[in-house]
Amino acid sequence: MSGLLAGKRLLVTGVITDASIAFSVAKLAQENGAQVVLTGYGRLSLVERIAKRLPEPAPVIELDVTNAEHLAGLADKVREHVDGLDGVVHSIGFAPQSCLGGGFLDASWEDVATALHVSTYSYKSLAVAALPLMSPGGAVVGLTFDATKAWPVYDWMGVAKAGLESASRYLALHLGKKGIRSNLVSAGPLRTMAAKSIPGFERFEDAWSERAPLGWDLTDQEPAARACLALLSDWFPATTGEIVHVDGGYHALGA
Ligand SMILES: NC(=O)c1ccc[n+]([C@@H]2O[C@H](COP(=O)([O-])OP(=O)(O)OC[C@H]3O[C@@H](n4cnc5c(N)ncnc54)[C@H](O)[C@@H]3O)[C@@H](O)[C@H]2O)c1
């Protein structure tokens, strides 16, 4: 087997359609020599159908990342397919509608708590659930949207992403002694199901299309997926707690 991830065993969360960033990660990973196990949330039969569109059909394990039983049983379920994990991809985000689209001042704590549980705390939960299968050289990779700034319609999801960015640094701190890395890819706006649920998302689209120095294709998940693969590979052996921007250079600009 050849390729950037030859022989690597990956757990990839977050596939719901073939536009999911996770789908591009799984596809490219297989094309580059990895064995992929997927997790699916909610509509499992849909995820299984999408999984069949990968170059190699991939097994799908049910995982609601807020469900303690699912998390406790994850390692055993993964072991039915692979004998260990070299990489884990967290490509999960959700916020109730009240938390997005300008509702920052009115969203209830219950709704905000849901957003933080699914989008922030779950990064740690997933890593800990997979840890029994991981060994030195392993990597955890997640997806963020630049949380150093307040965006017009992102509201509590932006706060959740700021927490995710911090959680990744703490994961780097706590897993470093086991030789496991934690890094994030900060992607520009992409037309996925999660993006479509954000009222006013087109404001991001317009901003990126007009300003990204390299230009930006809102329908091309591959650049973000490629960065995930690079961070999962052996080519970033001494990098952890890092955020790699895959946004056409937008983050580097001033006002
Ligand atoms: N699309 C963008 O513009 C963009 C930009 C930067 C970062 N991101 C991030 O990329 C990641 C993937 O999102 P996407 O854009 O590919 O959208 P997507 O809708 O394809 O993926 C989101 C995934 O989260 C899963 N999910 C939601 N609640 C869950 C739960 N309780 N347990 C397990 N899984 C759950 C969904 O099933 C879905 O597969 C998210 O973290 C998102 O915030 C997206």
Side-chain angles (χ1 to χ4, degrees), residues 11-27 38-51 60-71 74 88-96 99-100 113-123 125-126 129 140-149 151 153-165 167-168 184-198 200-205 207-209 212 216-225 227-228 243-248 250-251:
L11 184 67
V12 178
T13 66
V15 171
I16 189 71
T17 70
D18 56 12
S20 294
I21 297 170
F23 182 85
S24 285
V25 173
K27 177 172 176 286
L38 299 177
T39 72
Y41 166 65
R43 287 170 287 172
L44 268 216
S45 57
L46 174 60
V47 180
E48 279 161 357
R49 199 153 16 103
I50 301 292
V60 181
I61 296 170
E62 183 177 19
L63 177 67
D64 172 350
V65 87
T66 65
N67 181 317
E69 273 176 40
H70 286 187
L71 289 164
L74 184 66
V88 175
V89 178
H90 179 285
S91 190
I92 294 171
F94 172 76
C99 294
L100 298 159
T114 299
L116 295 176
H117 197 176
V118 179
S119 314
T120 307
Y121 185 77
S122 69
Y123 188 67
S125 309
L126 177 68
V140 185
V141 172
L143 275 305
T144 188
F145 185 75
D146 186 2
T148 60
K149 299 169 185 74
W151 300 101
V153 295
Y154 210 46
D155 291 307
W156 285 102
M157 197 64 196
V159 179
K161 288 301 191 194
L164 175 70
E165 294 180 3
S168 175
L184 298 178
V185 170
S186 183
L190 292 163
R191 284 188 188 142
T192 63
M193 193 181 261
K196 281 181 196 141
S197 74
I198 302 174
F201 186 76
E202 59 284 351
R203 291 174 71 172
F204 292 130
E205 300 191 346
W208 253 259
S209 304
W216 184 249
D217 183 345
L218 300 152
T219 60
D220 185 6
Q221 276 66 323
E222 190 168 319
C228 292
I243 301 175
V244 177
H245 292 84
V246 181
D247 62 351
Y250 190 98
H251 74 283

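All of these numbers come straight from a predicted model, not from anything done at the bench. For ligands, and for the atoms within them, numbers begin at 1 and follow the listed sequence.
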If you round to the nearest 0.5 Å, how far is CD1 of Ile198 from OG1 of Thr192?
-> 7.5 Å

Hey, what's the ring geometry for Trp151 with Tyr250, parallel, tilted or perpendicular (30° and 60° as the breaks)?
-> tilted

Do Gln221 side-chain atoms and Ala19 backbone N/O form a donor-acceptor pair below 3.5 Å?
-> yes

Flag side-chain contact, heavy atom, 4.5 Å: Leu190 against Thr219 = no

Side-chain donor or acceptor of Thr66 paired with backbone N/O of Val118 under 3.5 Å | no

Protein contact to atom 10 (O) of ligand 1 [nearest heavy atom, distance to 0.1 Å] = Leu143 CB, 3.3 Å

Val65 to ligand 1: N or O pair under 3.5 Å?
-> yes

Which residue and non-hydrogen atom of the protein lie closest to atom 43 (O) of ligand 1, and at what distance in Å?
-> Lys161 NZ, 2.8 Å

Would you give the length of the straight line joining atom SG of Cys228 to atom CG of Leu143, rounded to the nearest 0.5 angstrom?
-> 5.0 Å

Taking N or O atoms only and a 3.5 Å limit, does Met157 qualify as a polar contact for ligand 1?
-> no

Provide, to 0.1 Å, the distance between atom 3 (O) of ligand 1 and the closest protein heavy atom, together with that atom's residue and name.
-> Leu190 N, 2.7 Å

Proximity of Leu63 to ligand 1 by residue part, where a heavy atom lies under 4.0 Å = backbone

Looking only at distance, does Thr192 have an N or O less than 3.5 Å from an N or O of ligand 1?
-> yes

Heteroatom proximity flag, Ile92 to ligand 1, N/O under 3.5 Å | yes

Indicate yes or no: does an N/O atom of Thr66 lie under 3.5 Å from an N/O atom of ligand 1?
-> no

Is the ring centre of Phe145 less than 6.0 Å from the ring centre of Trp208?
-> yes

Of all the atoms in ligand 1, which lie at a distance below 4.0 Å from a heavy atom belonging to Gly188?
-> 3 (O), 5 (C)

Is there a heavy atom of Gln221 sitting under 4.0 angstrom from any atom of ligand 1?
-> no

Without swapping roles, check the side chain of Thr120 against the backbone of Ala160 for a donor-acceptor pair under 3.5 Å.
-> yes

Val15 heavy atoms within 4.0 Å reach ligand 1 at atoms 39 (O)

Here the atoms of ligand 1 under 4.0 Å from any heavy atom belonging to Ala187 are 5 (C), 6 (C)

Looking only at heavy atoms of Thr144, does any of them come nearer than 4.0 Å to an atom of ligand 1?
-> yes

Spatial distance of atom CG (Leu116) from atom CG (Leu164) [nearest 0.5 Å] = 11.0 Å

Can you list the ligand 1 atoms lying under 4.0 Å from a non-hydrogen atom of Asp64?
-> 30 (C), 31 (N), 32 (N)

Considering only non-hydrogen protein atoms, determine which one is nearest to atom 12 (C) of ligand 1 and report residue, atom name and distance to 0.1 Å.
-> Ser91 OG, 3.1 Å

N/O to N/O below 3.5 Å, does that happen between Ala194 and ligand 1?
-> yes

To the nearest 0.5 Å, how far apart are NE2 in His117 and OG in Ser125?
-> 5.5 Å

Would one find an N or O of Phe201, backbone or side chain, under 3.5 Å from an N or O of ligand 1?
-> no

of all protein heavy atoms, closest to atom 39 (O) of ligand 1 is Gly14 O, 2.8 Å

Numbered atoms and elements of ligand 1 in range of Met193, under 4.0 angstrom, heavy atoms | 19 (O)

Parallel, tilted or perpendicular: which describes the rings of Tyr123 and His90, with under 30° parallel and over 60° perpendicular?
-> perpendicular

Relative to the heavy atoms of Ser20, which atoms of ligand 1 are at a distance of less than 4.0 Å?
-> 16 (O), 18 (P), 20 (O)

Does ligand 1 have an atom that lies less than 4.0 angstrom from a heavy atom of Gly42?
-> no

Would you check the N or O atoms of Phe145, main chain and side chain alike, for any that come under 3.5 Å of an N or O of ligand 1?
-> no

Nearest non-hydrogen protein atom to atom 36 (C) of ligand 1, with distance, is Tyr41 CD2, 4.4 Å

Check: Ser197 side chain, Ala194 main-chain N or O, donor-acceptor pair, under 3.5 Å = yes

Can a salt bridge be assigned to the pair Glu205 and Arg191 using a cut-off of 4.0 Å between side-chain N and carboxylate O?
-> yes

OH (Tyr121) with more than 12 external heavy atoms under 6.0 Å = no

If you count the atoms of ligand 1 from 1 in the order shown, which ones are under 4.0 Å from a heavy atom of Pro189?
-> 3 (O)

Output the list of atoms in ligand 1 that are nearer than 4.0 Å to some heavy atom of Ile21, sorted by atom number.
-> 10 (O), 15 (O), 16 (O), 44 (C)

Side-chain donor-acceptor contact under 3.5 Å, Ser24 with Glu222 | no

